[in-house]
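For reference, the structure discussed in these notes is given below.
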Amino acid sequence: MTATTAATGRPKKAAGTRHTLTADELSAYGLRNRWYPILPSRMVATGDMVPVKRLNVDWVLFRDAKGQVHMLEDRCPHRSAPLSVGQHLGDRIACLYHGVQVNGEGTVVSVPGMPGCALEGRQATLSLKVVEACDTIFAFVPLTADDEPTEFVLPDRLADEENSWFLNYAEWAGPWRFYMDNVLDPMHGAFLHRSSHSMFGGDTSARFRIRETDRGFFFEKTDQRGVNFDWVEFVRGSMDHVDLEIPYAASGGPGGVFGITGMYVPVDATNVCVFHWRTRRVQGWEREVWRFLYRTQLEEKHWEVLEQDRRVLEVLAADADTDENLYQHDLGVSRIRRMYKADAKAQAKILAGEA
Ligand code: FES
Ligand SMILES: [Fe+2]
(Lines give C-alpha, C1' and ligand atoms only; values in the text may rest on other atoms or scores of the structure.)
(Ligands and ions follow the chains in the order given, each with its own letter.)
Protein backbone atom coordinates (compact mmCIF):
# COMPACT_ATOMS: atom_id res chain seq x y z
CA MET A 1 0.00 0.00 0.00
CA THR A 2 1.30 3.48 -0.74
CA ALA A 3 0.41 6.85 0.75
CA THR A 4 -2.31 8.57 -1.19
CA THR A 5 -3.51 12.10 -0.99
CA ALA A 6 -6.96 13.51 -1.47
CA ALA A 7 -7.89 15.37 -4.65
CA THR A 8 -6.26 18.75 -5.28
CA GLY A 9 -8.02 22.09 -5.15
CA ARG A 10 -8.76 23.72 -1.82
CA PRO A 11 -6.16 24.01 0.96
CA LYS A 12 -6.25 21.04 3.32
CA LYS A 13 -5.70 20.80 7.04
CA ALA A 14 -2.69 18.86 8.21
CA ALA A 15 -3.86 15.82 10.19
CA GLY A 16 -4.11 16.67 13.89
CA THR A 17 -4.36 20.43 13.22
CA ARG A 18 -7.15 22.86 12.38
CA HIS A 19 -5.13 24.49 9.62
CA THR A 20 -2.75 23.95 6.76
CA LEU A 21 1.04 24.05 7.25
CA THR A 22 3.68 25.94 5.29
CA ALA A 23 6.94 24.38 4.13
CA ASP A 24 8.77 26.19 6.96
CA GLU A 25 6.33 24.80 9.52
CA LEU A 26 6.65 21.29 8.12
CA SER A 27 10.45 21.63 8.34
CA ALA A 28 10.20 22.82 11.93
CA TYR A 29 7.56 20.35 13.16
CA GLY A 30 8.49 17.31 11.08
CA LEU A 31 7.65 15.78 7.73
CA ARG A 32 4.47 13.70 7.43
CA ASN A 33 3.47 10.48 5.72
CA ARG A 34 6.14 8.50 7.52
CA TRP A 35 6.32 5.97 10.28
CA TYR A 36 7.93 7.34 13.44
CA PRO A 37 8.94 5.74 16.71
CA ILE A 38 6.81 7.43 19.35
CA LEU A 39 7.74 6.00 22.76
CA PRO A 40 9.36 2.90 24.26
CA SER A 41 6.69 0.24 24.85
CA ARG A 42 7.57 0.02 28.54
CA MET A 43 6.36 3.62 29.03
CA VAL A 44 2.72 2.70 28.30
CA ALA A 45 1.51 -0.03 30.66
CA THR A 46 -1.92 -1.64 30.45
CA GLY A 47 -4.41 0.83 31.89
CA ASP A 48 -2.10 3.82 31.26
CA MET A 49 -2.97 6.97 29.34
CA VAL A 50 0.16 8.81 28.33
CA PRO A 51 0.07 12.28 26.75
CA VAL A 52 2.87 12.98 24.27
CA LYS A 53 3.62 15.74 21.83
CA ARG A 54 5.02 14.65 18.46
CA LEU A 55 5.28 16.75 15.30
CA ASN A 56 3.84 19.63 17.31
CA VAL A 57 0.54 17.79 17.85
CA ASP A 58 -0.75 16.60 21.23
CA TRP A 59 -1.56 12.90 21.32
CA VAL A 60 -2.67 10.42 23.93
CA LEU A 61 -1.39 6.86 23.93
CA PHE A 62 -3.41 4.28 25.78
CA ARG A 63 -3.10 0.53 26.13
CA ASP A 64 -6.44 -1.25 26.13
CA ALA A 65 -7.38 -4.20 28.32
CA LYS A 66 -6.06 -6.61 25.64
CA GLY A 67 -2.68 -4.90 25.65
CA GLN A 68 -3.14 -3.16 22.29
CA VAL A 69 -1.79 0.40 22.12
CA HIS A 70 -3.90 3.17 20.56
CA MET A 71 -2.82 6.68 19.62
CA LEU A 72 -5.44 9.43 19.39
CA GLU A 73 -5.19 13.14 19.02
CA ASP A 74 -5.43 14.35 22.62
CA ARG A 75 -8.55 16.37 22.02
CA CYS A 76 -12.13 15.52 22.79
CA PRO A 77 -14.40 15.82 19.75
CA HIS A 78 -17.01 17.64 21.87
CA ARG A 79 -15.25 20.77 23.11
CA SER A 80 -11.57 19.85 22.89
CA ALA A 81 -10.68 18.94 26.46
CA PRO A 82 -7.56 16.73 26.53
CA LEU A 83 -8.67 13.10 26.55
CA SER A 84 -5.55 12.22 28.53
CA VAL A 85 -7.02 13.79 31.69
CA GLY A 86 -10.14 11.62 31.32
CA GLN A 87 -10.86 8.12 32.51
CA HIS A 88 -9.46 4.91 31.02
CA LEU A 89 -12.37 2.51 30.56
CA GLY A 90 -10.49 -0.51 29.17
CA ASP A 91 -11.19 -0.11 25.45
CA ARG A 92 -12.09 3.60 25.44
CA ILE A 93 -11.49 6.92 27.16
CA ALA A 94 -14.24 8.92 28.86
CA CYS A 95 -13.65 12.66 28.66
CA LEU A 96 -13.47 14.35 32.05
CA TYR A 97 -15.50 17.39 31.02
CA HIS A 98 -18.88 15.93 29.92
CA GLY A 99 -18.19 12.19 29.78
CA VAL A 100 -18.12 11.64 25.99
CA GLN A 101 -16.51 8.26 25.31
CA VAL A 102 -14.03 7.73 22.47
CA ASN A 103 -12.66 4.29 21.53
CA GLY A 104 -9.21 3.38 20.23
CA GLU A 105 -10.22 3.98 16.63
CA GLY A 106 -11.34 7.52 17.48
CA THR A 107 -15.05 6.70 17.23
CA VAL A 108 -17.46 8.26 19.69
CA VAL A 109 -19.18 5.31 21.33
CA SER A 110 -21.30 7.15 23.89
CA VAL A 111 -22.55 10.64 24.69
CA PRO A 112 -23.92 9.96 28.17
CA GLY A 113 -25.40 13.45 28.59
CA MET A 114 -27.51 13.01 25.44
CA PRO A 115 -27.88 9.36 24.40
CA GLY A 116 -28.60 8.89 20.70
CA CYS A 117 -27.09 12.26 19.70
CA ALA A 118 -25.57 12.48 16.20
CA LEU A 119 -22.03 12.40 17.54
CA GLU A 120 -22.44 8.77 18.58
CA GLY A 121 -20.95 6.40 16.02
CA ARG A 122 -18.90 9.14 14.35
CA GLN A 123 -15.20 8.69 13.79
CA ALA A 124 -14.56 12.16 15.16
CA THR A 125 -11.06 11.94 16.66
CA LEU A 126 -7.88 11.37 14.67
CA SER A 127 -6.53 7.88 15.40
CA LEU A 128 -3.13 6.81 14.09
CA LYS A 129 -2.13 3.38 12.83
CA VAL A 130 0.17 1.92 15.50
CA VAL A 131 2.63 -1.01 15.39
CA GLU A 132 4.70 -2.26 18.31
CA ALA A 133 8.07 -3.75 17.48
CA CYS A 134 11.59 -3.73 18.94
CA ASP A 135 10.31 -2.58 22.35
CA THR A 136 8.90 0.51 20.67
CA ILE A 137 5.54 1.99 19.76
CA PHE A 138 5.61 3.19 16.15
CA ALA A 139 2.90 5.23 14.43
CA PHE A 140 2.24 6.46 10.92
CA VAL A 141 1.77 10.24 10.95
CA PRO A 142 -0.29 11.18 7.89
CA LEU A 143 -0.07 14.48 6.05
CA THR A 144 -3.85 14.84 5.84
CA ALA A 145 -6.55 12.78 7.51
CA ASP A 146 -7.15 11.10 4.11
CA ASP A 147 -3.65 9.69 3.74
CA GLU A 148 -3.35 5.94 4.19
CA PRO A 149 -0.45 4.38 6.09
CA THR A 150 2.38 2.94 4.06
CA GLU A 151 3.60 -0.58 4.78
CA PHE A 152 5.44 -0.87 8.09
CA VAL A 153 8.97 -2.12 7.45
CA LEU A 154 11.68 -2.20 10.11
CA PRO A 155 15.22 -1.03 9.32
CA ASP A 156 17.47 -3.92 8.19
CA ARG A 157 19.52 -4.08 11.35
CA LEU A 158 16.41 -4.41 13.53
CA ALA A 159 14.63 -6.86 11.23
CA ASP A 160 17.64 -9.21 11.22
CA GLU A 161 17.15 -11.84 13.91
CA GLU A 162 20.88 -12.52 14.05
CA ASN A 163 21.23 -9.13 15.73
CA SER A 164 20.62 -8.51 19.39
CA TRP A 165 19.69 -4.93 20.30
CA PHE A 166 18.92 -2.56 23.15
CA LEU A 167 16.76 0.51 22.71
CA ASN A 168 18.07 3.73 24.13
CA TYR A 169 15.61 6.62 24.38
CA ALA A 170 16.11 10.26 25.34
CA GLU A 171 14.20 13.55 25.13
CA TRP A 172 16.38 16.54 24.45
CA ALA A 173 16.10 20.23 23.68
CA GLY A 174 16.87 21.59 20.23
CA PRO A 175 15.34 21.35 16.77
CA TRP A 176 15.18 17.79 15.40
CA ARG A 177 17.13 18.86 12.32
CA PHE A 178 20.22 19.55 14.47
CA TYR A 179 20.14 15.91 15.53
CA MET A 180 19.86 14.71 11.92
CA ASP A 181 22.76 17.00 10.98
CA ASN A 182 24.78 15.54 13.87
CA VAL A 183 24.56 11.94 12.67
CA LEU A 184 25.28 12.93 9.06
CA ASP A 185 28.53 14.42 10.38
CA PRO A 186 30.78 11.44 11.28
CA MET A 187 33.84 13.66 11.75
CA HIS A 188 32.61 14.90 15.12
CA GLY A 189 33.44 11.39 16.43
CA ALA A 190 37.17 12.09 16.25
CA PHE A 191 36.82 15.38 18.18
CA LEU A 192 33.74 15.55 20.40
CA HIS A 193 34.04 11.84 21.29
CA ARG A 194 37.85 11.65 21.39
CA SER A 195 37.73 10.97 25.11
CA SER A 196 35.09 8.23 24.81
CA HIS A 197 35.66 4.48 25.21
CA SER A 198 35.05 3.77 21.51
CA MET A 199 36.07 6.80 19.39
CA PHE A 200 39.58 7.64 20.60
CA GLY A 201 41.42 6.22 17.55
CA GLY A 202 42.19 7.23 14.02
CA ASP A 203 42.99 10.34 12.06
CA THR A 204 41.70 13.76 12.99
CA SER A 205 41.67 14.81 9.37
CA ALA A 206 39.87 13.09 6.53
CA ARG A 207 38.28 13.39 3.10
CA PHE A 208 34.67 12.36 2.65
CA ARG A 209 32.45 11.30 -0.22
CA ILE A 210 28.78 10.76 -0.82
CA ARG A 211 27.88 7.37 -2.27
CA GLU A 212 24.36 7.18 -3.66
CA THR A 213 22.21 4.12 -3.07
CA ASP A 214 18.74 3.21 -4.28
CA ARG A 215 17.36 4.03 -0.84
CA GLY A 216 19.41 7.07 0.25
CA PHE A 217 23.14 7.60 0.50
CA PHE A 218 26.31 6.81 2.39
CA PHE A 219 28.48 9.60 3.72
CA GLU A 220 31.88 8.08 4.32
CA LYS A 221 35.58 8.76 4.77
CA THR A 222 37.63 7.90 1.69
CA ASP A 223 40.80 7.09 3.62
CA GLN A 224 39.75 5.39 6.87
CA ARG A 225 37.27 2.63 7.70
CA GLY A 226 36.76 0.43 10.73
CA VAL A 227 38.64 2.71 13.14
CA ASN A 228 36.27 5.41 14.36
CA PHE A 229 32.84 6.74 13.35
CA ASP A 230 33.92 6.51 9.69
CA TRP A 231 30.65 6.24 7.76
CA VAL A 232 26.92 6.65 8.06
CA GLU A 233 24.08 5.55 5.80
CA PHE A 234 20.92 7.59 5.50
CA VAL A 235 17.99 5.37 4.53
CA ARG A 236 14.62 6.41 3.23
CA GLY A 237 12.19 3.60 3.68
CA SER A 238 9.00 3.06 5.53
CA MET A 239 10.70 5.25 8.14
CA ASP A 240 13.71 7.53 7.66
CA HIS A 241 16.69 6.39 9.70
CA VAL A 242 20.45 6.32 9.88
CA ASP A 243 22.63 3.26 10.12
CA LEU A 244 26.23 3.28 11.32
CA GLU A 245 28.89 1.16 12.95
CA ILE A 246 31.45 1.91 15.64
CA PRO A 247 34.38 -0.53 15.90
CA TYR A 248 34.90 -2.20 19.26
CA ALA A 249 38.02 -3.58 20.90
CA ALA A 250 37.97 -7.25 21.98
CA SER A 251 37.58 -6.05 25.56
CA GLY A 252 34.09 -4.85 24.55
CA GLY A 253 32.97 -8.49 24.40
CA PRO A 254 31.80 -10.69 21.52
CA GLY A 255 30.02 -9.51 18.41
CA GLY A 256 32.58 -7.29 16.73
CA VAL A 257 31.43 -3.90 15.53
CA PHE A 258 28.71 -2.12 17.34
CA GLY A 259 25.79 -1.23 15.06
CA ILE A 260 23.46 1.68 15.62
CA THR A 261 20.10 2.41 14.04
CA GLY A 262 19.07 5.98 14.84
CA MET A 263 15.87 8.00 14.50
CA TYR A 264 15.18 11.58 15.61
CA VAL A 265 11.54 12.50 16.09
CA PRO A 266 10.34 16.08 16.41
CA VAL A 267 8.37 16.89 19.55
CA ASP A 268 7.88 20.49 18.44
CA ALA A 269 10.08 23.15 16.86
CA THR A 270 12.57 23.10 19.75
CA ASN A 271 12.51 19.61 21.25
CA VAL A 272 13.30 16.16 19.96
CA CYS A 273 13.05 12.47 20.91
CA VAL A 274 16.14 10.43 20.24
CA PHE A 275 15.88 6.70 19.52
CA HIS A 276 19.02 4.60 19.19
CA TRP A 277 18.99 0.84 18.94
CA ARG A 278 22.42 -0.50 19.85
CA THR A 279 23.01 -3.80 18.13
CA ARG A 280 25.54 -6.58 17.87
CA ARG A 281 25.59 -9.66 15.70
CA VAL A 282 25.71 -12.40 18.30
CA GLN A 283 24.09 -15.77 18.85
CA GLY A 284 23.99 -18.40 21.59
CA TRP A 285 26.19 -17.87 24.63
CA GLU A 286 27.83 -14.84 23.01
CA ARG A 287 24.45 -13.16 22.94
CA GLU A 288 24.12 -13.72 26.67
CA VAL A 289 27.61 -12.30 27.27
CA TRP A 290 26.82 -9.21 25.20
CA ARG A 291 23.54 -8.63 26.95
CA PHE A 292 25.19 -9.01 30.35
CA LEU A 293 28.08 -6.71 29.41
CA TYR A 294 25.73 -4.11 28.00
CA ARG A 295 23.63 -3.96 31.13
CA THR A 296 26.56 -3.97 33.55
CA GLN A 297 29.14 -1.80 31.74
CA LEU A 298 28.47 -0.64 28.22
CA GLU A 299 25.16 1.14 28.66
CA GLU A 300 26.66 3.61 31.09
CA LYS A 301 29.55 4.29 28.73
CA HIS A 302 27.10 4.90 25.90
CA TRP A 303 25.17 7.39 27.95
CA GLU A 304 28.47 9.25 28.46
CA VAL A 305 28.93 9.43 24.68
CA LEU A 306 25.36 10.68 24.20
CA GLU A 307 25.94 13.28 26.89
CA GLN A 308 28.81 14.65 24.82
CA ASP A 309 26.41 15.10 21.90
CA ARG A 310 23.65 16.55 24.04
CA ARG A 311 25.93 19.13 25.65
CA VAL A 312 26.79 20.58 22.25
CA LEU A 313 23.46 20.22 20.50
CA GLU A 314 21.32 21.70 23.26
CA VAL A 315 23.38 24.90 23.27
CA LEU A 316 23.69 25.41 19.52
CA ALA A 317 22.21 28.78 18.60
CA ALA A 318 18.60 28.43 17.51
CA ASP A 319 19.59 29.89 14.13
CA ALA A 320 22.85 27.92 13.94
CA ASP A 321 22.10 26.64 10.46
CA THR A 322 21.46 30.07 8.95
CA ASP A 323 24.98 31.48 9.26
CA GLU A 324 27.70 28.89 8.80
CA ASN A 325 30.91 28.31 6.91
CA LEU A 326 30.63 24.72 5.77
CA TYR A 327 33.53 22.70 4.42
CA GLN A 328 34.00 19.35 2.71
CA HIS A 329 33.06 17.37 5.84
CA ASP A 330 29.63 18.95 5.78
CA LEU A 331 28.50 17.51 2.44
CA GLY A 332 26.33 14.98 4.28
CA VAL A 333 24.70 17.73 6.31
CA SER A 334 24.03 19.78 3.16
CA ARG A 335 22.53 16.78 1.41
CA ILE A 336 20.10 15.88 4.18
CA ARG A 337 19.00 19.49 4.53
CA ARG A 338 18.31 19.72 0.79
CA MET A 339 16.30 16.49 0.83
CA TYR A 340 14.14 17.57 3.73
CA LYS A 341 13.61 21.06 2.31
CA ALA A 342 12.39 19.50 -0.94
CA ASP A 343 10.09 17.15 1.02
CA ALA A 344 8.68 20.05 3.03
CA LYS A 345 7.98 22.05 -0.13
CA ALA A 346 6.27 19.09 -1.78
CA GLN A 347 4.09 18.41 1.26
CA ALA A 348 3.21 22.11 1.66
CA LYS A 349 2.10 22.16 -1.98
CA ILE A 350 -0.24 19.24 -1.36
CA LEU A 351 -1.70 20.99 1.68
CA ALA A 352 -2.07 24.22 -0.27
CA GLY A 353 -4.06 22.29 -2.89
CA GLU A 354 -1.41 22.99 -5.53
CA ALA A 355 -0.30 19.44 -6.18
S1 FES B 1 -15.20 18.42 26.08
FE2 FES B 1 -15.12 16.28 26.24
S3 FES B 1 -17.10 15.71 26.75
FE4 FES B 1 -17.23 17.83 26.52
FE1 LIG C 1 27.99 11.91 18.53
Side-chain angles (χ1 to χ4, degrees), residues 18 49 51 58 60 62 72-89 92-103 106-122 124-126 168 170 172 174 176-202 204 206 219 221 227-234 241-247 258-264 272 274-278 301-316 329-330 332-333 336:
R18 269 17 77 186
M49 287 189 294
D58 289 309
V60 56
F62 78 100
L72 303 175
E73 189 187 356
D74 193 10
R75 188 169 166 129
C76 176
H78 177 219
R79 281 181 45 215
S80 304
L83 291 169
S84 57
V85 300
Q87 197 183 358
H88 191 306
L89 295 180
R92 61 187 74 179
I93 296 175
C95 179
L96 186 67
Y97 206 0
H98 315 93
V100 164
Q101 296 177 12
V102 181
N103 72 11
T107 301
V108 175
V109 287
S110 172
V111 180
M114 182 168 271
C117 109
L119 195 54
E120 284 184 351
R122 255 185 63 202
T125 299
L126 178 66
N168 174 274
W172 287 344
W176 70 282
R177 63 184 191 279
F178 288 4
Y179 290 81
M180 283 307 303
D181 289 351
N182 183 53
V183 282
L184 268 301
D185 164 27
M187 201 61 202
H188 82 265
F191 292 91
L192 180 65
H193 301 310
R194 194 89 188 154
S195 62
S196 72
H197 68 296
S198 55
M199 285 178 269
F200 50 83
T204 50
F219 188 56
K221 293 178 187 167
V227 181
N228 199 300
F229 177 11
D230 295 327
W231 60 269
V232 60
E233 183 186 6
F234 170 73
H241 63 275
V242 291
D243 184 83
L244 60 107
E245 287 177 353
I246 307 289
F258 180 65
I260 297 179
T261 297
M263 299 186 207
Y264 310 93
V272 64
V274 177
F275 291 79
H276 288 122
W277 289 264
R278 281 98 175 248
K301 290 190 161 80
H302 295 152
W303 274 114
E304 287 166 16
V305 174
L306 283 179
E307 266 302 289
Q308 293 170 337
D309 289 304
R310 187 188 67 79
R311 278 203 302 271
V312 170
L313 295 171
E314 285 198 336
V315 296
L316 275 187
H329 294 176
D330 304 309
V333 168
I336 196 76

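What you see below is based on every heavy atom in this structure, not just the backbone, and it leaves out hydrogens, waters and symmetry mates. For ligands, and for the atoms within them, numbers begin at 1 and follow the listed sequence. It should be emphasised that the depicted structure is a prediction, and the values quoted were computed from it without experimental measurement.
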Results of side chain to side chain donor-acceptor pair (under 3.5 Å) for D230 - residues two or more places apart only: K221, Q224
Taking 2.8 Å as the limit, list every protein N, O or S atom around the Fe ion (ligand 2), by chain and residue number. H188 NE2, H193 NE2, D309 OD1, D309 OD2
Can you label the angle between the H197 ring and the H302 ring as parallel, tilted or perpendicular, going by 30° and 60°? tilted
Name all residues meeting the salt bridge (charged side-chain N to carboxylate O under 4.0 Å, His left out) criterion together with R79; count only those two or more places apart in sequence or in a different chain, and write none if there are none. none
Around atom 4 (Fe) of ligand 1, list the protein N/O/S atoms within a radius below 2.8 Å, excluding water molecules. H78 ND1, H98 ND1
Do L126 and R75 make a side-chain contact, defined as non-hydrogen atoms from C-beta onward lying under 4.5 Å apart? no
Side-chain contact test, heavy atoms from C-beta onward, threshold under 4.5 Å: evaluate it for W231 versus D243 and give yes or no. yes
When the ring planes of Y264 and H276 are compared, do they come out parallel, tilted or perpendicular, using 30° and 60° as the limits? perpendicular
Examine the side chains of H193 and N228 and answer whether a donor and an acceptor come within less than 3.5 Å of each other. no
May I ask you to decide if S84's main-chain N or O and D74's side chain share a donor-acceptor pair within less than 3.5 Å? yes
Output yes when E307 and R310 qualify as a salt bridge under the 4.0 Å nitrogen-oxygen rule, no when they do not. yes
